[in-house]
Amino acid sequence: MAALVSETVQKVFTPETLRAAAKQSRGCLTVPVRLRRAIKKYLRELEEPHLKRKVLRLSASFSEIKDVNLLLTASTSNQLVEDPLKSVESSKRWKIKSAYGDIGLKYSDDETVAYVASRMPAVYSACYRVLKEIRRRLPDFSPSRVLDFGAGTGSAFWALREVWPQSVEKVNFVEPSQSMQRAGRSLIQCMKNLPLIHSYDSIQSLSKNINKSERKHDLVIASYVLGEIPSFKDRITTVRQLWDLTDDVLVLVEPGTPHGSKIIAQMRSHILWMENRKLRKAAKLNQDCKDLLDLKSGAFIVAPCPHDGHCPLENTGNYCHFVQRLERTSSQRVYKRSKGGPLRGFEDEKFCYVAFRRGQRPRGAWPLDDMKFETLKELHAKRNPEDLDIDLEDYMKMQSVETPHEEIDPVSYDSDFIESDAIDDEINEEGDTDEFTRADLGGGWGRIIFSPVRRGRQVAMNVCRSTQRDGSEGAFERLVVTKSKNPNLHHQARRSLWGDLWPF
């Protein structure tokens, strides 16, 4: 067991609470009954013929989008990220020439119904995973005003309602496709106690129709949308506008592809560069009194990055992304086709994301500060030999006692109508806001990238971590945890998954 050397540590961790705080990945996610029922009802009412063919066409359209995005030159992107004011004329600095929906994929009624049948559950699972981690890392954050940019059919809104079912009071949707807006309204008809919802077709329309005092939102989320904006300059402009509309937290989610990861990395670099630039200017004006700086000035990364420095994965051939497994809904099993084999009952949704928060990164003690772990040899030396003796008669009696076998009735998800309405009304309140089972944002928690490799009594992990106490710089390292040197951390490493945190 780990022995504490000092009692003055701000937060006392034990091996058990370390494992609970580091756990961020989720197992096979089941789409909520309400959403599955809503999708099935929506598809049944439309009675669309040849829906499988439409799903295939939608998948081919997504592939065409990837090909178009690959034509964008990396040189222009890097130049704009480093200094976006150099290569843009001041008179046309932030004028958008292309917007969401201009890349060539138009969501008509056929594309919308195919999206609901095939893609909506997977997008929901990625958004739920991201928002659930934000809730764990920010227990004091309960958004009341939310902006969903590129809302589509409302996948992020469904995830929002699952994570914060009580706090959301007003939601603004920005979605240019009228067909998507109609589908989203149809899907939420079964919901109770809905917040106030307004829909707009652009950010400009949103800004014109609401008061200036109401433009700020506690949470702004843009999921699976930036990749559909063809111009890099317009992506930068859109993210700047979203950041201006953010009062607290901004979340960007993209598909877990090299191009999606590149978009997230570019937006991450630009937001941090922009806010650091503002801080430097404000520091020059307030050299005599640094306390005059606004508490909301600056920005830091809530997740997944444990630091605010340069991304260590850039130019390494690897890209930062994560995986969320979900159980396929009945509509997905009906309308999706497999490649050469039977369709699996689950699918793995790859995604990448970044969550910003206004203000300065909090500083605190790192989780392993002033903790001493015993080696396996030291633990064996402390064992009492008498405890290792086993009485043969007692052992035989234990073996002869038959434990009754209880059959547990498993919950089946083959049908969307077998579960009672009582399940729908339950609110999933996990005990994850405990002070001792929460990973703070001080920089002492690294992020496990890719799956750990377990070989015998050692576990190898790729970890992105902060190298400075203030979280200003980071590094990508490969750690090897052995059972002989640290049994407790080895026990935790064997149970760690892709996307979990790792203490330092």
Side-chain angles (χ1 to χ4, degrees), residues 24-26 29 31 35 62 65-66 69 100-101 103 115 119-138 141 143 146-164 171-175 180 184 203 217-229 235-236 238-239 241-243 245-246 248-271 299 301-305 311 313 319-326 347-357 447 449 498-499:
Q24 301 296 330
S25 62
R26 310 190 69 82
L29 182 66
V31 179
L35 179 54
F62 287 146
I65 290 178
K66 295 179 183 178
N69 285 329
Y100 168 44
I103 200 167
Y115 182 90
R119 285 294 300 155
M120 186 176 179
V123 175
Y124 161 83
S125 67
C127 294
Y128 177 82
R129 162 83 174 271
V130 172
L131 295 179
K132 191 68 175 180
E133 178 171 355
I134 293 175
R135 181 187 170 184
R136 289 200 66 184
R137 304 298 298 276
L138 302 175
F141 176 65
V146 179
L147 170 62
D148 187 359
F149 176 73
T153 56
S155 303
F157 175 71
W158 281 87
L160 184 74
R161 290 280 292 175
E162 290 293 322
V163 177
W164 291 287
V171 180
N172 289 325
F173 289 154
V174 176
E175 174 55 52
M180 284 283 198
I203 297 180
H217 300 78
D218 301 323
L219 172 65
V220 177
I221 181 171
S223 59
Y224 290 74
V225 58
L226 297 178
E228 297 185 17
I229 300 177
R235 285 196 208 118
I236 288 288
T238 301
V239 172
Q241 292 174 340
L242 294 177
W243 183 244
L245 295 171
T246 303
D248 202 347
V249 176
L250 169 65
V251 180
L252 307 177
V253 187
E254 286 296 311
T257 61
H259 180 68
S261 178
K262 184 178 181 181
I263 291 176
I264 293 296
Q266 290 169 346
M267 301 305 112
R268 174 188 182 276
S269 299
H270 183 78
I271 293 293
I301 308 296
V302 176
C305 310
C311 179
L313 281 177
Y319 63 98
C320 181
H321 65 292
F322 305 92
V323 178
Q324 176 59 55
R325 175 165 292 184
L326 72 147
E347 67 177 82
D348 294 326
E349 176 64 16
K350 295 182 179 181
F351 65 96
C352 48
Y353 71 103
V354 63
F356 305 91
R357 191 177 200 184
R447 177 77 59 172
I449 310 294
W498 186 354

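All residue numbers in this chain count up from 1 along the given sequence.
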* Asked: Taking atom NZ of Lys262 and atom SG of Cys311, what is their separation to the nearest 0.5 Å?
  -> 13.0 Å
* Kindly give the heavy-atom pair with the smallest separation between Ala355 and Ile134, and that separation in Å. =>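 Minimum heavy-atom contact is CB-CD1, 3.8 Å.
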* Work out which heavy atom in Ile203 is nearest to a heavy atom in Gln241; give both atom names and the distance. =>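 Answer, listing the atom of Ile203 first, then Gln241: CD1-OE1, 3.6 Å.
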* Validation row: Phe141, Val302 side chains within 4.5 angstrom (heavy atoms) -> no
* **Nearest atoms (heavy-atom pairs only) where Gly260 meets Glu254** => O-CB, 3.9 Å
* Structure fact -> CZ (Phe351) and OG (Ser223) are apart, to the nearest 0.5 Å, by 12.0 Å
* Asked: Any side-chain heavy atom of Leu160 sitting closer than 4.5 Å to one from Ile221?
  -> no
* Heavy-atom closest contact (Ala151 atom, Glu175 atom, distance) -> N-OE1, 3.6 Å
* State whether the side chain of Trp498 and the backbone N or O of His321 hold a donor-acceptor pair below 3.5 Å, judged by distance alone. =>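 Side chain of Trp498 to backbone of His321: a pair is present.
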* Asked: For Cys320, does its backbone N or O pair with a side-chain atom of Ser261 as donor and acceptor, under 3.5 Å?
  -> yes
* Asked: Say you draw a straight line from CZ of Phe149 to CG of Leu245; how long is it, rounded to the nearest 0.5 Å?
  ->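 It comes to 10.5 Å.
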* Asked: After noting the C-alpha distance and the side-chain angles of His217 and Val146, does the key distance pass the side-chain contact (heavy atoms from CB on, under 4.5 Å) rule?
  -> CA-CA 5 Å; His217 300 78; Val146 179; 5.8 Å; no
* Which pair of non-hydrogen atoms, one from Met267 and one from Leu252, has the smallest distance, and what is that distance? ->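 Closest heavy-atom pair between Met267 and Leu252: CB-CD1, 3.7 Å.
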* List the atom of Arg235, the atom of Ile229, and the distance in Å for their closest heavy-atom pair. => NE-O, 3.1 Å
* **Value rounded to 0.5 Å, distance of CD in Gln324 from OH in Tyr128** => 9.5 Å
* Measure the shortest side-chain to side-chain distance between Thr257 and Tyr319 over non-hydrogen atoms and say whether it is less than 4.5 angstrom. => no
* Asked: Are any of the side-chain heavy atoms of Tyr224 and Val253 separated by less than 4.5 Å?
  ->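 Tyr224 reaches Val253 side chain to side chain.
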* Under 3.5 Å: donor-acceptor pair, side chain of Arg129, backbone of Val323 ->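 Yes, Arg129 side chain to Val323 backbone: donor-acceptor pair under 3.5 Å.
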* Can you find a heavy atom in the side chain of Leu250 that is under 4.5 Å from one in the side chain of Arg357? ->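 No, their side chains stay 4.5 Å or more apart.
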* Asked: Any donor-acceptor pair under 3.5 Å linking the side chain of Arg135 with the backbone of Val163?
  ->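 Between the backbone of Val163 and the side chain of Arg135 there is a qualifying donor-acceptor contact (under 3.5 Å).
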* Find out whether Val249 and Pro143 are in side-chain contact, i.e. whether some heavy atom of one side chain is under 4.5 Å from a heavy atom of the other. => no
* **Point-to-point distance, once rounded to the nearest 0.5 Å, from CG of Leu226 to NE2 of His259** => 9.5 Å
* Asked: With the threshold set at 4.0 Å, does a side-chain nitrogen-carboxylate oxygen contact exist between Glu349 and Arg119?
  ->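 Salt bridge present between Glu349 and Arg119.
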* Decide yes or no for Leu147 and Thr246: does some side-chain heavy atom of the first lie under 4.5 Å from some side-chain heavy atom of the second? =>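 Side-chain contact under 4.5 Å: no.
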* Is there a side-chain contact (heavy atoms from CB on, under 4.5 Å) between Trp164 and Leu131 once you walk through the steps? -> CA-CA 9 Å; Trp164 291 287; Leu131 295 179; 4.1 Å; yes
* Asked: Rounded to the nearest 0.5 Å, how far does CD of Gln266 lie from CD1 of Ile263?
  ->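 One gets 7.0 Å once the value is rounded to the nearest 0.5 Å.
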* **Phe322 side chain near Arg447 side chain, heavy-atom distance below 4.5 Å** =>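 The answer is yes; the side chains approach within 4.5 Å.
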